[in-house]
Amino acid sequence: MTTQLNSSFRGTQDLPKWLSPTLLVSFFLASFGLQVLIASDSDSAAINFIPVAIFGLLGFTVAIYVISRVIEGVRKATDRLVTIMVSTAFSLALIPLLSLAYTVVTKGVARFDAEFFTFSMRNVVGEGGGALHAIIGTVEITGIATLISVPIGIMAAIYLVEYGRGTVARLVTFFVDVMTGVPSIVAGLFAYALFVIFFGPGVRMGLGGAIALSLLMIPVVIRATEEMLKIVPNELREAAYALGVPKWLTVLKVVLPTSLAGIATGIMIAIARVIGETAPLLLIAGFTASMNYNPLNERMMTLPVFVYTSYANQGVDMQAYLDRAWAGALTLMLIVMVLNLVARLISKYFSPKG
Amino acid sequence: MTDTKPKAVRRLGDVVFANLAFFAGVSILATLATVAAFLFAQSVPAFTGPPIDAASEGFFSYVLPFVFGTVYASVIGLAIATPLAVGIALYISHFANRRFAQVLGYAVDLLAAIPSVVYGLWGILVLAPFLSPTFNWLNANLGWIPMFAGQVSATGRTMLTVGIVLAIMVLPIMAALIREIFLQTPRLHEEAALALGATRWEMIKMAVLPFGRPGIISAAMLGLGRALGETMAVAMVLSPAAVVSFAVLTSTNSNTIAANIALQFPEAGGNYTNLLIATGLVLFAITMVVNMIARWVISRRAEFSGAN
């Protein structure tokens, strides 16, 4: 192919398909070899992989660009350059995901045992102990938050889709969007500011955590429900009206059942979003080492706060606390993934066909 | 719909149900107003009560470093995240093959669902030590840039680490939003560009990017809103100080409002609590403004409304 490099053929050839992967691999190997040389030279045994990646990628990019520019012309060369950049951006984003998943799993399994799920931290110093109190707290607080947000969220969505016209509806739509952006810590402060009125300064209560979480959850539920209600075909509503069904029964018996799978998916995702919230619970639900089944009374531990306090208040036996933190993080991630998975399955198997 | 009927019978069920729905809708407005009102009411004692040790020079000199830290960390995060998010969105929408792209989209969505406390744990125990040698290198070779100057932190718990963690955290949300917008590019525009002999990049430059530009801007604003309010990851990773400093590699960093509240609140008593609530009100105001601008940009172009 290099024989045709005279000007009349410039920009007409395609690069062979094998060239770019071969170049990529060889540049990375060369860059790695260079680093090994440098490392052995400066007698620091560790090889830093950041320069390996950077120089390998840079060399490959420059080489491909130059070759392509000579053989294929400037337009295709630019196209190749952009393709490399876009793929790099994507791989860069995958690295933290993989690293995060790997770290959480490998470090989390150390304490991911029966004791972790059957013991609280009461009177535990150093090794042992578990997160049962935190799991109970998370389940109760998230449960109450769901009970508060789902009815309000669904009714508000019904208002927006089925009834809302004019200024009020537009305002509500706009502020639901704005509400999605309320920082979680502000939600926690709000719950505190609300409860302080009734219970005095320094109040800590599981219910407050539920209030804070529902503030974060309601807009998500509304958005999801709204999207689902919007795609219910109007013919269904009109058919119901034509049969003389009142509007409220049409909504309850025709529109809602049709979109139920989608709404359930949305609620699952909303739960997954708030179940990992730490900041508001740290403020209003507080933290404790003991079991507390009563959300109306005193401090209540939750799983995210458990992870945080295990890390933040390490005892003398540091590793035991860190192991518990990682095990908590693993539990939390598994819960979130299962919720997401269930959401996908619901929308896959229960959404109306046809 | 109902008003096209000649004279409808007012059924009790209809009235009750319509009112329930209406009140649920209006309760959203009421809730937001209540949030602002209660935070404001609880902030007042910070100004009227006895002086607080932490804020002996007045509220504004107390909150200023935190406002700076909040904005600075978020801007660093956003500067890293925006180009990457556009790249990821382009890759999923126009480069990867369709089946693969779906899996990728799911993976990116999963990143968005990871709790921030897990990011914090990972940031402090994995990312910070990993970045530390690079920080030394940056300081040694690019130390003449004010950002990279100063005594490098030995732990890696710096502003730049926080910026990177924030970038990783807002990336999935921004990528998902931008991807949705890119996917809405009219097919005819794309095909017309390709039919005229454009390469893939030229097609993207001519058809996809101009169409998606408002969407990219609003996605960046929403990402900014997220980053501004992020608490736990910052609280765990950053080694804080009450200073205003542009240096991103040292161990004295301006803390963010949210992280400061999370760190101080559990031990706070008296009207120190009220002071922290007042800083929370400042944060609330900042994020509200950013979000409202973002939503306004989106709603100005109705075609993008499906991207929320």
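Bear in mind the structure is a predicted one, so any value in this text is a computation, not a measurement. Chain identifiers are assigned alphabetically (A, B, ...) following the order of the sequence lines, protein sequences preceding nucleic acid strands; residue numbering begins at 1 within each chain.
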Nearest heavy-atom neighbours spanning B/Ser27 and A/Ile152: OG-CG2, 3.9 Å
Heavy-atom cut-off 4.5 Å, strictly under: side chain, backbone, both or neither for A/Ser87 against chain B? both
Stepwise, does the side chain to side chain contact (heavy atoms under 4.5 Å, CB included) test hold for A/Val251 with B/Phe17? CA-CA 10 Å; A/Val251 173; B/Phe17 195 74; 3.8 Å; yes
For A/Leu339, which atoms come within 4.5 Å of any heavy atom of chain B: side chain, backbone, both, or neither? neither
Give the member of B/Pro83, B/Pro266, B/Ala96 that has the highest number of heavy-atom pairs under 4.5 Å with chain A. B/Pro266
Could you tell me if the side chain of A/Phe190 sits less than 4.5 Å from the side chain of B/Phe284, heavy atoms only? no
So, for B/Val117 and A/Pro304, which heavy atoms are closest and what is the spacing to 0.1 Å? CG2-O, 3.8 Å
Heavy-atom side-chain proximity of B/Thr231 to A/Pro183 below 4.5 angstrom: no
Is the distance between the ring centroids of A/Tyr192 and B/Phe265 under 6.0 Å? yes
Using heavy-atom distances under 4.5 Å, tell me whether A/Ile154 contacts chain B through its side chain, its backbone, both, or neither. neither
Is there a side-chain contact between B/Trp201 and A/Thr83 in this structure, where contact means two heavy atoms from C-beta onward sitting under 4.5 Å apart? no
Could you tell me the separation between the CD1 atom of B/Ile114 and the CG atom of A/Leu332, rounded to the nearest 0.5 Å? 10.5 Å
Return the orientation label for the B/Phe22 and A/Tyr159 ring planes: parallel under 30°, perpendicular over 60°, tilted otherwise. perpendicular
